[in-house]
Amino acid sequence: GGIITQTPKFLIGQEGQKLTLKCQQNFNHDTMYWYRQDSGKGLRLIYYSITENDLQKGDLSEGYDASREKKSSFSLTVTSAQKNEMAVFLCASSRGLGGSETLYFGSGTRLTVL
Amino acid sequence: QQQVRQSPQSLTVWEGETAILNCSYEDSTFDYFPWYHQFPGESPALLIAIRPVSNKKEDGRFTIFFNKREKKFSLHIADSQPGDSATYFCAASDSNNRIFFGDGTQLVVKP
């Protein structure tokens, strides 16, 4: 088994601030993902990475940057936080290439922008 | 354009009934269709999945029915239990590792 650790669990920011969310996995999985979940909504793909130093944009990448400097870690940066923004950011990983692998999710980072 | 559409948004059934959750998709290149469930305060977890070579996949009380021609698939939960109450997400993925989720169905099973 393994675990995905997201830090911080709660993040409060100010409008315009640059904010970084971190994700670590010890599954030794190749592919990692960042999703955004708004209240009552599904998961929307922000970025994903199929290997170290690889980055692929999802449908919601505008306003975000990502970095995969190591196989085990994947970070997400909100480049300029939007006022009153509230969402949960979920990191996930899967074993290999191809979308038919199970996603394992972390417990999320809950973002609130004042 | 939303790649995966899910309905209903919420569903209430009585214990013992069959709950039916529906999804449709746009991209005919999608080749894997999982369902995830999410309990309050927890993260999503895989429940069951199907590939388009099959039109049915069963796992205990959970069955996926898949219609490739109509680009639709559904999750049937037989003999629903109160412990099945959760939000269920359908998803579809392509060979580029992109996985798209529906907006979810909030299922409540009343005892």
Side-chain angles (χ1 to χ4, degrees), chain A residues 1-6 9-10 21 23 25 27 29-51 54-61 66 68 74 87-110, chain B residues 1-11 21-27 29-54 57 59 64 66 86-107:
Chain A
I3 191 168
I4 295 179
T5 302
Q6 290 188 238
K9 288 191 185 304
F10 299 94
L21 293 68
C23 177
Q25 53 98 358
F27 287 101
H29 282 168
D30 290 310
T31 309
M32 296 186 73
Y33 303 81
W34 276 107
Y35 284 92
R36 173 180 167 134
Q37 186 174 28
D38 293 277
S39 179
K41 293 287 188 183
L43 287 70
R44 290 182 290 171
L45 182 63
I46 306 172
Y47 269 98
Y48 68 104
S49 167
I50 63 173
T51 190
D54 174 74
L55 288 177
Q56 309 282 343
K57 290 184 178 181
D59 287 345
L60 205 64
S61 61
R68 182 99 182 268
F74 194 28
V88 175
F89 291 83
L90 290 168
C91 175
S93 71
S94 65
R95 184 174 54 181
L97 297 176
S100 59
E101 300 285 347
T102 301
L103 290 185
Y104 295 88
F105 286 89
S107 57
T109 292
R110 191 172 296 271
Chain B
Q1 180 186 5
Q2 190 159 7
Q3 297 281 1
V4 179
R5 288 189 168 81
Q6 189 170 352
S7 64
Q9 190 173 2
S10 62
L11 176 64
L21 292 66
N22 300 299
C23 278
S24 63
Y25 62 96
E26 296 292 327
D27 192 335
T29 67
F30 288 151
D31 59 6
Y32 180 69
F33 301 89
W35 284 87
Y36 284 77
H37 58 178
Q38 184 177 28
F39 295 97
E42 297 185 11
S43 296
L46 180 67
L47 177 62
I48 186 173
I50 193 168
R51 293 181 184 278
V53 292
S54 303
K57 175 77 176 288
D59 185 358
I64 299 176
F66 184 80
T87 300
Y88 290 79
F89 295 98
C90 62
S93 70
D94 63 19
S95 58
N96 292 319
N97 298 291
R98 297 181 306 170
I99 303 173
F100 299 94
F101 286 82
D103 281 346
T105 294
Q106 190 168 4
L107 175 66

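Lettering follows sequence order; numbering is per chain, from 1.
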Checked B:F101, B:F33, B:F30 vs chain A; the most non-hydrogen pairs under 4.5 Å come from B:F101
By ring pair (Phe, Tyr, Trp, His ring centres under 6.0 Å), which residues pair with B:F89, not counting sequence neighbours?
-> none
Contact origin within A:Y35 toward chain B - heavy atom pairs under 4.5 Å | side chain
Indicate yes or no: at least one non-hydrogen side-chain atom of A:I4 is less than 4.5 angstrom from one of B:S43.
-> no
Honestly, the part of A:L43 sitting under 4.5 Å from a heavy atom of chain B is both
A:Q37, part contacting chain B, at a heavy-atom distance under 4.5 Å | side chain
Say whether, by atom type as modelled, one donor and one acceptor occur between the side chain of B:Y36 and the main chain of A:L103 under 3.5 angstrom.
-> yes
Residues that B:Q106 engages under side chain to side chain contact (heavy atoms under 4.5 Å, CB included), provided they are two or more places apart | B:S10, B:T87
Minimal non-hydrogen separation, A:D59 against B:F100, with atom names = OD2-CE2, 3.2 Å
